[in-house]
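Order of the sequence lines fixes the chain letters, A, B, ..., with proteins taken first and strands second; residue numbering starts at 1 for each chain. Owing to the predicted nature of the structure, the values given are computational and were not obtained by experimental measurement.
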Number of protein chains: 2
Amino acid sequence: MDKNLKRMATMQRMQVTGLELFYKQGYYNTSIDDILKELSLSKGAFYHHFESKEDFFIQIVENLVVRKMYSMLIEPIEGPDNPLELITNCFENALETAVHNELDFGFVLGNFLNEFNGRNPKIMKHLSDIIKVWEVNLVSSIQRGKFNGYVNRHIDSEGVAVFLMSSYIGIRTFMVENAPSARKYRFMTQIRQYFKSIATKEGAYN
Amino acid sequence: MDKNLKRMATMQRMQVTGLELFYKQGYYNTSIDDILKELSLSKGAFYHHFESKEDFFIQIVENLVVRKMYSMLIEPIEGPDNPLELITNCFENALETAVHNELDFGFVLGNFLNEFNGRNPKIMKHLSDIIKVWEVNLVSSIQRGKFNGYVNRHIDSEGVAVFLMSSYIGIRTFMVENAPSARKYRFMTQIRQYFKSIATKEGAYN
DNA sequence: GAATAAACCGACTAAGTGGTCTGTCGACAA
DNA sequence: TTGTCGACAGACCACTTAGTCGGTTTATTC
C-alpha cells in the first residue's frame, strides 16, 4: 500500500513535470533526459514506470489534460441556465486563468493538436477524442438553450459549436504572443456580440 | 548571371521542399537530411547556400510564407467594396484551398506560431510581424467599412480583427483533423451570422 | 585551354536521442 | 537473518542531429 503510494507519487511528479516541459518546449523538442534532470531522477526510474515516451505522453493526456479540460471547459457549461451566459462565463474564466498563469494547462490541447496533426495518429486519436467530448457538450448545451428559449431555433447548433471551438483555439494561440489581457477583452466583447445575434429576444442575453 | 540563376533555382527548390516538410512534420521534427534526401542534394550544397537551419527557415518565412499570406489573406480584402463581403469571400476561398489541397500553405503560420511560441524568440519575431501586418490590414478594412457605411460605427474594429484572426487560426487547426468540408461550411455560416450582427442595416450584407 | 570561382559532394565530429540492462538499495515477510 | 521484490541508478548502445571541411565538378572568362 505504502509502496503503491510511492509509485503513484513518483509517476505523478514525472507527469506534471513532463506536461510542463512538453507544453513549453513541445513534445519532439523535449527529451526524456530534460524531464529527468528537472526531477533528479534517472532513466531507470522512467522506464520502470513507463513503457516509452509515447506511452508516457498518452498517460499525461489521459490523466492531466482530460481532467483540466473537464473542469475548465466542460463542467462549467452544464446545467439548465442560459447556455450563452454559461459559455460566456466559462470562456471568461478560462481566458483569465490563461492571462495570469502562463502554465495553466487549460488548453495545451491546441498546441498538441497542432504538433501531432498528421504526424502521430495514435496520439492524435487521444486528442481528438477529448475535442469530440467538448464538441458534443457544446452542441447539447446549445440545443438545451434552444429548447429553453434562450437560443434562436434557426441556428445550427453544430455550427455554433464549431465556431466557438475554433475561436477559442485561435485566441489561445494568439494570446500567448502579445498583450494577452487586451486581446482577451476584445475577444470576449465580440463573443458577446455574436451571442446576441443568435439569442432569442426573450432569452435576455446581456 | 546564369550562375546566379542556378543559385536561385537551387535555393528555391530547397526552400519549397523545406516548407513542405516543415509544414507536414514540424520544424524540430524535420532534419536537414530529410530535405536533402528528397532533393538528392548534399550537406555541402545546403551549407553553401544557407548559414544554418534557423537561417534557412527564416528565409522560407520571408520568401514563401509572407507571399502566400499576402496573396491569400491580405490583398483580397483590400479595396473599397464592403469589407464584410470581401472578408467572407477571402475566407471562403482560403478555406476551400485548404480543403482540397493538403499542402496549401495559406496558413502554415498557425502551425509555426504554435511550434515556436516561447521557444525561439528570433523566429517568433518574424512570424508575429506577419500577423501584425494581417491585423493592421483587417483593422483598416473594417474602419473603411465603417466610413463607407457598411459596418456599424459602434463596433470595435480592433476587436473584430482579433476575433476574425482567432477564428481563422482555430478553424484551420481544426479542419485538418476531421470532416474539413463540413466544418468549413459550418464555420462560414457562423461568420456570416456574426457579420450580419455588426453590419449596418443599409450596408446590405447578405 | 588554362585559370578561376562558385556549386556541390560526402565523410566526419560532437552532442544528443530513445531505449536497454545490469546492478544497488531499502522495506518487509518468513 | 535471510530472501524477495519493487524503486531507482547510471553506464551503455545504436542511431540521429546540426554543422564542418577538404576535396571535386562545372561553367565561365580571358
**Item:** Which residues share a salt bridge (Lys or Arg N to Asp or Glu O under 4.0 Å) with Lys122(B), sequence neighbours left out
**Value:** Glu54(B)

**Item:** dA7(C) phosphate, OP1 or OP2, under 4.0 Å from Arg7(B) side-chain N/O
**Value:** yes

**Fill in**
Sequence neighbours excluded, the answer for side chain to side chain donor-acceptor pair (under 3.5 Å) partners of Gln190(B) is Tyr194(A)

**Message:** Tell me every residue that passes side chain to side chain contact (heavy atoms under 4.5 Å, CB included) with Glu158(B), counting only those two or more places apart in sequence or in another chain.
**Reply:** Arg186(A), Glu135(B), Val139(B), Asp156(B)

**Request:** Please list, chain by chain and in numerical order, all residues satisfying side chain to side chain donor-acceptor pair (under 3.5 Å) with Asp129(B), sequence neighbours excluded.
**Result:** Lys125(B)

**Prompt:** Quick one, which residues of residues 115-123 of chain B touch DNA chain C with a heavy atom under 4.0 Å?
**Reply:** none

**Message:** Below 4.0 angstrom, which residues in residues 9-24 of chain B have at least one non-hydrogen atom near DNA chain D?
**Reply:** none

**Item:** Inter-end axis angle, the helix from dG1(C)-dC30(D) to dA30(C)-dT1(D), with every axis fitted to five base pairs (rounded, 10 degrees)
**Value:** 10°

**Fill in**
side chain to side chain donor-acceptor pair (under 3.5 Å) filter on Tyr27(B), not counting sequence neighbours, yields none

Name every donor-acceptor pair, under 3.5 Å, that has one atom in a side chain of residues 9-18 of chain B and the other anywhere in the protein, sequence neighbours excluded.
from     : atom 1 : to       : atom 2 : distance (Å)
Thr10(B) : OG1    : Lys6(B)  : O      : 3.0
Gln15(B) : OE1    : Asn63(B) : ND2    : 2.9
Thr17(B) : OG1    : Arg13(B) : O      : 3.1

**Item:** Residues which pass side chain to side chain donor-acceptor pair (under 3.5 Å) with Glu92(B), listed by chain and number, not counting sequence neighbours
**Value:** Lys184(B), Arg192(B)

**Prompt:** OP1, OP2 of dG10(D) versus side-chain N and O of Ser42(A): anything below 4.0 Å?
**Reply:** no

**Request:** Calculate the interatomic distance between His49(A) atom NE2 and dG6(D) atom P; express it in whole Å.
**Result:** 12 Å

**Complete:** Residue pairs meeting salt bridge (charged side-chain N to carboxylate O under 4.0 Å, His left out), one or both in residues 27-42 of chain A, sequence neighbours left out, come to Asp33(A)-Lys43(A)

**Request:** To the nearest Å, give me how far apart CG (Leu36(A)) and P (dG19(C)) are.
**Result:** 12 Å

**Prompt:** For dA7(D), does either OP1 or OP2 sit under 4.0 Å from a side-chain N or O belonging to His48(A)?
**Reply:** yes

N/O to N/O distances under 3.5 Å, protein versus nucleotides 17-23 of chain D:
from    : atom 1 : to       : atom 2 : distance (Å)
dA18(D) : OP1    : Lys53(B) : NZ     : 2.9
dA18(D) : OP2    : Ile32(B) : N      : 3.0
dA18(D) : N7     : Lys43(B) : NZ     : 3.3
dG19(D) : OP2    : Tyr47(B) : OH     : 3.0
dG19(D) : OP2    : Lys53(B) : N      : 2.9
dG19(D) : O5'    : Tyr47(B) : OH     : 3.4
dG19(D) : N7     : Lys43(B) : NZ     : 3.2
dG19(D) : O6     : Lys43(B) : NZ     : 3.1

